[in-house]
Amino acid sequence: MSKAIRDELKQEVAKRRTFAIISHPDAGKTTLTEKLLLYGGAIHIAGSVKARKAARHATSDWMEIEKQRGISVTSSVMQFQYAGKNVNILDTPGHQDFSEDTYRTLTAADSAVMLIDVAKGVEAQTIKLFQVCRKRGIPIFTFINKLDREGQNPFELLEEIERVLGIRSVPMNWPIGMGRELCGVYDRMKKQVELFQGNDHSTIEVRPAADYNDPAIREMAGDYLADQLAQDLELLDVAGDPFDYEKVRAGELTPVFFGSAVNNFGVQTFLENFLQLAPAPTSRRTTDGEVEPDDEKFSGYIFKIQANMNPAHRDRIAFLRICSGKFERGMSVKHVRAGKDIKLSQPQQFLAQDRDIVDTAYPGDIIGLFDPGIFRIGDSLAQGANLTFDELPTFSPEIFAKVSVKNALKQKQYLKGLDQLTEEGMVQVFRSIGPFEDTYLGVVGQLQFDVFEYRMKNEYGVDIQLARTQFQFARWIVADNLDASKFRINSTLVKDKNDNNVALFENEYAMRTAVDRMPDVKFLETAP
């Protein structure tokens, strides 16, 4: 590779920041995303998911059912530029019923922003998503939100983060009051005070402070809050963890920021600090070893497929994370699984459902590829190589239902919708073995069935019948000689979309019994 090309790649990679926002539902994730876009100049007015009946909705919630319910049910990608950085935000569903989509999306992120409600602390879904990030060893930045409401003591929140999540924390700023008494935050790193003066972000004032005993803080906050701030920060200086950049990069220490996304308070400070501290794209594991982002040859993988982003055109978009090399519109790459070369002629970048054709892109960027039906989640694309990136896992569903089409004349549309939404990862599909083929759908949460039914009707014109079953567990079966007759009591044997054998069990006892009776058979929680 020429030095000029390598230098160009290094410069472009250094500008990229690709991150996901993780939280429990209702912690304010979509609101924070909106405000980051607002500061990045990507949007000029922020929608509110609370005002669902209004014509305006959150930019990142583009699917009709999201606007109706005021929740995010699919991951979306948003891109903007700020302070010389190219920012890729992966906004994920907060609802636990869509964990699988979130887990896959997290594989495309280089870091994560963990959003915590100041009143509720660390919640169940946050714990699950944090664990996925922790396994990948990516840096985690914490934004404690809703400071304009009454909440827990900041020290209690830091202790909870350590106790529940097992990660140390270092507060980058500290609240001066809370709820009705909130009047600002003290920036520990920059030695300045950010003053809260109303609901409009343009009225937030930043003043330098010699330290946390600066008389200006006492004048602004009053004796009680100034004394409390000084006591808190003295304790932090003595007993708190010092800032350690290497520990942050290793995912062992989380920088903590306090703010209120709905009021834009602390958001800009957070964004500027985050862009300085978060890592640029790093190497990725493949079957042939590590791939560095500044490798000359292009490579990337599909981590998400979304059908019908534009219902008028019935399109399918495959989301590609670029891992190495320079992407150029119209380039030919190898579709590794299919074993053939394809031309990438209509690449797009996103602000939720709004798209622009992109001519060039670099490692860390997320681009959308028009999918005529050739892509699957986990597919690798590479220039002149058979690279396969570490496969995205298939998670075991917990709720199962038999599915059928109400109108037999709609069979063709039904099969198309079932195939496309399965490829998208909306549901997992299983087919029974035997003369009478039943089709089962598996999901992590009930809401996935509701969205699946809604989308089949609205996007494919098909009414379906879902009949819940007693099955609760799926285990992928690996065996040299498999006796299907052993799966007749409280279980059944089915095939997944890749023709792997899968056993469905009604309860844990039935599953344990099968495992004990078949010691030579492997029962796997994820697809082999």
Side-chain angles (χ1 to χ4, degrees), residues 96-104 107 124-125 127-129 131-132 134-135 337 376-378 390-405 415 418-419 421-453 464-528:
Q96 63 185 21
D97 285 5
F98 296 92
S99 325
E100 195 169 340
D101 189 32
T102 301
Y103 296 158
R104 285 195 298 261
T107 69
Q125 183 66 1
I127 297 170
K128 288 183 182 178
L129 298 172
Q131 289 168 346
V132 174
R134 194 71 181 272
K135 284 179 183 174
R337 177 180 56 81
R376 291 183 192 168
I377 288 170
D390 277 5
E391 192 144 338
L392 301 178
T394 299
F395 297 91
S396 177
E398 298 166 15
I399 304 173
F400 298 85
K402 278 186 184 179
V403 61
S404 55
V405 59
L415 291 175
L418 183 64
D419 180 58
L421 295 183
T422 301
E423 288 291 347
E424 186 182 305
M426 166 63 61
V427 294
Q428 292 185 50
V429 66
F430 305 95
R431 290 186 168 83
S432 60
I433 298 169
F436 304 103
E437 186 179 276
D438 289 320
T439 301
Y440 296 90
L441 300 183
V443 296
V444 174
Q446 173 62 38
L447 190 55
Q448 281 178 276
F449 280 148
D450 298 344
V451 175
F452 178 79
E453 197 168 359
I464 59 169
Q465 183 87 36
L466 288 171
R468 283 284 296 271
T469 71
Q470 297 297 313
F471 298 121
Q472 298 181 49
F473 299 95
R475 291 295 181 265
W476 278 260
I477 305 296
V478 178
D480 293 330
N481 295 300
L482 188 61
D483 184 355
S485 66
K486 291 187 177 180
F487 296 95
R488 287 180 179 169
I489 301 173
N490 298 329
S491 64
T492 189
L493 197 64
V494 295
K495 297 274 191 181
D496 70 5
K497 65 178 183 181
N498 295 322
D499 220 30
N500 295 312
N501 288 314
V502 184
L504 305 183
F505 297 99
E506 290 186 3
N507 50 54
E508 200 166 346
Y509 174 75
M511 184 170 64
R512 282 203 312 266
T513 302
V515 172
D516 292 342
R517 279 168 39 199
M518 292 175 269
D520 295 333
V521 175
K522 290 182 181 176
F523 292 80
L524 307 177
E525 286 191 45
T526 58

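No experiment lies behind these values; they were computed from the predicted model shown.
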#### Entry: Where at least one partner belongs to residues 469-482, residue pairs that pass salt bridge (Lys or Arg N to Asp or Glu O under 4.0 Å), sequence neighbours excluded
none
### Message
Quick check for you: to the nearest 0.5 Å, what is the distance between L482 atom CG and M518 atom CE?
### Response
7.5 Å
### Task
Please answer whether the main-chain N or O of S485 pairs with a side-chain N or O of D483 as donor and acceptor at a distance below 3.5 Å.
yes
### Message
What's the separation between atom CD1 in I464 and atom CG in L441, rounded to the nearest 0.5 Å?
### Response
6.5 Å
### Query
What is the distance from atom CD1 of I399 to atom CG of L466, rounded to the nearest 0.5 Å?
11.5 Å
### Summary
Between Y440 and L504, the two heavy atoms sitting closest are CG-CD1, 4.4 Å
### Query
Under 30°, 30 to 60°, or over 60°: which ring-plane class applies to F523 and F505, parallel, tilted or perpendicular?
tilted
### Summary
Closest non-hydrogen contact found for W476 with E525 is CZ3-O, 3.4 Å
### Query
Closest heavy-atom contact between T469 and A401?
CG2-CA, 4.1 Å
#### Entry: Minimum heavy-atom distance between G442 and F400, given as atom pair plus value
CA-CD2, 3.8 Å
### Query
Can you name the one residue among V443, T422, L418 that meets side chain to side chain contact (heavy atoms under 4.5 Å, CB included) with F452?
L418
### Task
Could you note down all residue pairs passing side-chain hydrogen bond (donor to acceptor under 3.5 Å, both in side chains) where residues 501-513 supplies at least one of them, sequence neighbours left out?
K495-N501
## Note on the structure
dist D496:CG -> R431:CZ (nearest 0.5 Å) comes out at 10.5 Å
### Task
With the side chain counted from C-beta on, respond yes when N498 and R376 share a heavy-atom pair under 4.5 Å apart, and no when they do not.
yes
#### Entry: Nearest heavy-atom neighbours spanning F430 and V494
CB-CG2, 3.7 Å
## Note on the structure
Separation between OG1 (T492) and CD (Q470), nearest 0.5 Å, reads 13.5 Å
